[in-house]
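Here's the structure we're looking at; comments come further down.
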Amino acid sequence: MILDRLRRRARWLPYLAVALIAVAGLAGLAIRPDSQTNPGSADYVIVAGSAGLRWDDLDPQRTPTLWQEATKGSIGWLSVRSAMRVTCPSDGWLTLGAGNYAAWPRHTTGSVCEPAQPALTRPDDIGASLTEQRSVVQNNQDRLPYGAVPGALAESVRCTYAFGAGAAMAAARPFGRVDKYQPEFPADGGGLLSECNLSVVDLGAVSGSGEQRRQQVRVADATLARVLAARPQRSLLIVAGVSDTERSNRLHVAIAEGEGWNGGWLTSAGTGREGYLQLIDLAPTVLTALGKASPDKLFAGRSVTVVEDRPADVTDAMLGVHNADQRSVAQNAVAEIFFRVLAGLQILLFLLAIPVMVRARRHAGPRGPALPPRRVVAALELALIAAALAIPAALVADATPWWRNSHPAWVFGTVTALFIAIGTALVRFAPRWPHRLWPLGATSVIATVVVGFDLLTGAQLQLNGVAGYSAVHGGRYAGVGGVGLGVFVAGLLVLAGASVKWIDKRWRPVLVVLLGAVGVVMVGSPYLGADPVGAIALTAGVCVAAAITTGGWLTFPRFAWAALSGLGVTIAFALVDVRRPASDQSILGRVLTELLNGTAGPAMSRNAAANGQALLDSPLTILAVAGVLMLAFCQFSPWGGLNRLFGLHPALRAAGAGVTVVTLLAGVLNGSALTVAGAAAATAVPTAVLTALRVLLHAADRTRPEGETDGPGGPLMRDDPSLASR
C-alpha cells in the first residue's frame with residue numbers, strides 16, 4: 001500500500017521538475033542590467049558633423065584638433081543606418097534631426113552619393129527655410145515604415161543655430177524653419193554658439209581617397225578648431241561622421257567631449273555593445289544632456305552613455321587590430337562568398353549521398369545490388385561531418401585577424417578549412433566512432449559549445465564576423481545573431497534528443513526541458529544572447545520537443561499542453577518586460593507596448609519588409625530549402641532511413657520538430673526569414689543524413705548478390721562484429 005502510494009506520488013516528480021526548470025528559466029530572462037544614467041549635463045550642445053568622416057582619417061599630425069578631442073573625450077564606432085540601405089549625406093543629416101530612420105528623396109543613382117544641397121531660402125537675415133521640408137516629412141510618414149518625423153529634435157529645444165547646408169537639414173523644424181542660420185562657421189564665432197542651446201555645424205564632407213580626401217579632412221579639422229575657440233562654458237561637443245559618401249556601408253567617427261564625457265567608450269541601450277552607437281542615438285542624447293524629455297513615440301534611438309576603461313591611446317582603441325570599420329568591410333565581402341560556397345558544396349554533397357543511400361537500402365527479394373564500397377561510405381561520412389562543422393569552424397576562424405590580409409577571402413577559407421579538419425578528426429578518431437549516434441551527437445556538442453562559449457565571453461566572434469553580424473547594417477551589435485542562433489538551437493536540441501536514450505523514459509522530457517531552459521537563458525539574457533524573441537521561439541520549440549520525446553506522434557493533447565506551457569512562459573516574461581521603463585524594455589516589450597497604444601503598424605511593416613529582403617538575398621535560404629528537400633528524401637523515399645532512425649530513437653524526431661518550430665518562429669519574428677533555419681539546416685542535416693545512412697547499412701540481413709562472397713548483412717557488418725551486435 002505504502003509503495004503504491006509512493007509510486008503514484010513519484011509520477012508527479014517529472015512534472016514538478018519541469019515546472020521548477022521553467023520558473024528558473026523565466027527568472028534568468030527577467031534579470032536585466034541596471035539602466036545607466038547620463039554621465040553629465042550641459043547648458044549648450046554643439047553637434048559637429050562631417051559626412052564620410054572615418055577613424056582612419058584621423059592622425060595626430062594631420063588632424064590635431066580631431067585627435068585631441070578623441071583623446072580627451074569618449075569615443076565609439078558610429079553606425080549611420082537610416083531609412084535607406086546606404087546612408088547618403090542628406091539621409092544622415094535628416095536622420096540626425098529626426099532621431100529616427102529617415103530618408104531624403106533621391107534623384108540619381110550611382111556609386112557616389114549626392115552632396116547635401118537642400119533648397120534654402122532666407123526670408124530674413126536671421127534664419128532660413130528648407131523649401132522641401134514639408135514634402136520630405138510627408139514622404140517619411142506615408143511611404144517609409146519607420147514613422148520618422150524630420151525636425152523632431154528641433155521641435156524639442158528652445159532654439160537651433162545651423163552652420164552649413166547639411167546642418168540646416170538637421171536643425172530645421174518639421175515645417176522647414178531654421179531658427180538661426182549661417183552658410184558656414186565664421187573665422188570669429190565668439191558668442192554665436194551660446195545664442196541657442198543647440199548648435200549644429202557642418203564640418204564639410206569627406207570623400208574619395210588619397211590627397212583629395214586628406215585635404216577635405218584637414219578642412220574639417222580646421223573648422224572644428226574654430227568651433228572649439230568659440231565654444232561656451234558648460235557645453236557638450238559631439239563630433240560625428242553623419243553618413244557615407246559612397247554607395248557602401250561604413251562605420252564612422254563618434255566623439256563626445258564635455259563634463260562627464262571624458263576618456264570612455266560611447267554606447268547605448270540600442271546597441272548593447274561598448275564602443276558602438278547609432279546615428280539615431282544622437283538626438284535623444286542631445287535632449288538628455290540638456291535635461292529635456294524626448295518626444296513621445298518619435299525617437300527610435302536611446303540616449304548615449306559612457307563606459308570606462310578604454311585605452312588612452314586612440315590608435316590602440318580604434319585602429320590596427322581594433323579597426324572595426326576595416327573588419328566590417330572585409331566581413332561583408334567574405335560572408336556572401338562563404339555562404340554561397342557552403343550552399344553549393346552541401347547541395348553537391350547531398351546529391352552524391354543519394355546513390356549511396358539507394359545502394360544501402362535493404363531489399364526484400366533474394367537478390368539486390370551490392371552495398372556501397374566501404375571506402376566510399378567512409379569518405380562520405382567524413383564529408384558530411386565536415387559540412388556540419390563548417391559554420392562552427394567559421395565562428396572560431398573569426399578569432400584570427402584574417403581580415404587584415406590583402407586576400408581576406410582566401411585566408412579566411414584556409415583558416416576555416418583547418419578548423420574543419422581538426423573538428424572532423426576529433427569526431428572520427430574518438431573511441432565511440434562506431435556507435436550509430438556518435439557523429440550526430442559529437443557535432444551537436446561542438447556546435448553548442450562554440451556558440452555558447454562565444455556568448456559567455458561577450459559574443460566577440462559574432463560581432464563583425466563572417467558567421468555573425470555586421471555593425472554597419474545596424475540590425476544587431478551584441479548577443480546572438482541569426483546564424484549563431486540557428487547553430488546553437490540545432491546543436492542544443494539534437495544533443496538533447498541524442499542524450500535521452502540513456503535515461504528512463506518518463507524523465508526524458510525533464511532532460512529536454514533542462515537543456516532547453518539553459519538555452520533559453522543563454523539566448524534571452526541581456527548579459528548573453530540578448531535576443532528575447534529567440535528565447536520565446538526556443539521556449540516554444542522546447543515544449544514541442546518535450547511533448548513527443550517519449551515517442552508517439554504530436555497528438556492534440558500533447559500539442560495543447562506544449563502550447564500552453566510555452567504561452568505561459570512567454571506571457572510571464574512579456575508582463576515583466578512591459579512593466580519596465582520604455583528605455584529598458586526589450587524588443588518584445590516595445591512591440592507589446594506599440595500594440596497596446598495602436599502604433600505597431602510601422603513595426604509590423606518593417607518586419608515584413610525585412611523578411612522579404614532576407615528571403616531573397618540570403619544564401620542561407622538556399623541552405624534551408626536544400627536541407628528540407630534532403631530530409632524529405634530521407635524520410636519519404638523508399639531509399640531513406642529517417643523513419644527507421646526515428647523508430648529506433650523517437651527523441652530525435654522530437655528534436656527535429658523542436659528545431660523546426662524554433663527556427664521558423666525566430667526567423668519570422670526577427671525579420672530574418674529563413675536565415676536561422678538555414679544555419680540550423682547546415683549544422684544538423686548533414687549528420688542526420690549520415691545517421692540515416694548508418695541505419696540503412698545495418699538495418700537487417702541482406703541476401704548476397706550472385707558472385708559475391710560477403711556474409712549476411714553486407715561487408716560492413718561482417719567486418720565489424722560490434723556493429724552487427726547493435
Quick one: does [X]'s side chain get under 4.5 Å of [Y]'s, heavy atoms only?
| X | Y | result |
| --- | --- | --- |
| Ile354 | Met630 | yes |
| Leu642 | Phe636 | no |
| His649 | Leu645 | yes |
| Leu342 | Ile391 | yes |
| His252 | Asp244 | yes |
| Leu437 | Leu652 | yes |
| Cys634 | Val689 | yes |
| Pro439 | Thr691 | no |

Worksheet, complete the sentence: Those residues at least two apart in sequence (or on a different chain) that pass side-chain contact (heavy atoms from CB on, under 4.5 Å) with Val480 are Leu455, Gln462, Leu485, Val523, Asp531
Do [X] side-chain atoms and [Y] backbone N/O form a donor-acceptor pair below 3.5 Å?
| X | Y | answer |
| --- | --- | --- |
| Gln346 | Ala682 | yes |
| Thr663 | Thr660 | yes |
| Arg54 | Asp56 | no |
| Thr549 | Ala654 | no |
| Thr267 | Arg273 | yes |
| Ser470 | Asn464 | no |
| Thr443 | Leu440 | yes |
| Thr457 | Asp454 | yes |
| Thr687 | Ala684 | yes |
| Thr87 | Val80 | yes |

Practice prompt. Would you kindly say whether Gln635 and Asn643 are connected by a side-chain donor-acceptor distance under 3.5 Å?
Written response: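 Distance-only check passes for Gln635 and Asn643.
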From [X] [atom1] over to [Y] [atom2], what is the distance, rounded to the nearest 0.5 angstrom?
| X | Y | atom1 | atom2 | result |
| --- | --- | --- | --- | --- |
| Phe419 | Ile446 | CZ | CD1 | 12.5 Å |
| Leu620 | Leu674 | CG | CG | 9.0 Å |
| Tyr477 | Thr271 | OH | OG1 | 7.0 Å |
| Leu696 | Arg359 | CG | CZ | 13.5 Å |
| Ser79 | Asn249 | OG | CG | 8.0 Å |
| Trp55 | Gln326 | CH2 | CD | 16.0 Å |

Which atom of [X] lies closest to which atom of [Y], heavy atoms considered:
| X | Y | result |
| --- | --- | --- |
| Leu538 | Gly516 | CD2-O, 4.2 Å |
| Gly519 | Phe488 | CA-CE2, 3.8 Å |
| Tyr469 | Ala459 | OH-CB, 3.9 Å |
| Leu665 | Ala537 | CB-CB, 3.7 Å |
| Val521 | Leu528 | O-CD1, 4.2 Å |
| Ala692 | Met357 | CB-CE, 4.2 Å |

Worksheet item: Any idea how Phe412 and Phe338 line up, ring-wise: parallel (<30°), tilted (30 to 60°), or perpendicular (>60°)?
Response: perpendicular
Worksheet entry | Working for side chain to side chain contact (heavy atoms under 4.5 Å, CB included), residues Val86 and Ser248 | CA-CA 6 Å; Val86 176; Ser248 60; 6.0 Å; no
Item to complete: With Arg310 as the cation and Trp77 as the aromatic partner, state whether NZ or CZ is under 6.0 Å from the six-membered ring centre and within 45° of the axis.
Response: no
Discussion item. Strictly by side-chain hydrogen bond (donor to acceptor under 3.5 Å, both in side chains), give each pair with a member in residues 401-414 just once, sequence neighbours left out.
Written reply: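 Only Asp398-Trp402 qualify under side-chain hydrogen bond (donor to acceptor under 3.5 Å, both in side chains).
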Worksheet item: Mind checking what makes ring-ring contact (aromatic ring centres under 6.0 Å, His included) contact with Phe646, not counting sequence neighbours?
Response: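 Partners of Phe646 by the ring-ring contact (aromatic ring centres under 6.0 Å, His included) criterion come out as none, since no residue qualifies.
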Discussion item. Let's go through Arg428 and Glu381 carefully: what are the C-alpha distance in whole Å and the side-chain angles of both, what is the deciding distance for salt bridge (Lys or Arg N to Asp or Glu O under 4.0 Å) to 0.1 Å, and is it a yes or a no?
Written reply: CA-CA 9 Å; Arg428 172 61 184 84; Glu381 288 186 336; over 6 Å; no
Worksheet item: Listed by chain and number, what are the side-chain hydrogen bond (donor to acceptor under 3.5 Å, both in side chains) partners of Arg250, not counting sequence neighbours?
Response: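 Listed in chain order: Asp325.
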Discussion item. Checking Ile622 against Phe339 for the side chain to side chain contact (heavy atoms under 4.5 Å, CB included) test, could you report, in this order, the C-alpha distance in whole Å, the side-chain angles of both residues, the deciding distance, and whether it holds?
Written reply: CA-CA 9 Å; Ile622 301 173; Phe339 284 110; over 6 Å; no
Item to complete: Determine, step by step, whether Leu349 and Leu380 satisfy the side chain to side chain contact (heavy atoms under 4.5 Å, CB included) criterion, reporting the C-alpha distance in whole Å, the side-chain angles of both residues, the deciding distance to 0.1 Å, and the verdict.
Response: CA-CA 8 Å; Leu349 188 58; Leu380 180 61; 3.8 Å; yes
Fill in: Set of salt bridge (Lys or Arg N to Asp or Glu O under 4.0 Å) partners for Glu336, sequence neighbours left out
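Listed in chain order: Arg340.
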Practice prompt. Could you list the residues that satisfy salt bridge (Lys or Arg N to Asp or Glu O under 4.0 Å) with Asp316, not counting sequence neighbours?
Written response: none
Practice prompt. Could you check Thr315 against His322 for side chain to side chain contact (heavy atoms under 4.5 Å, CB included), going step by step and ending with a plain yes or no?
Written response: CA-CA 9 Å; Thr315 301; His322 303 293; over 6 Å; no
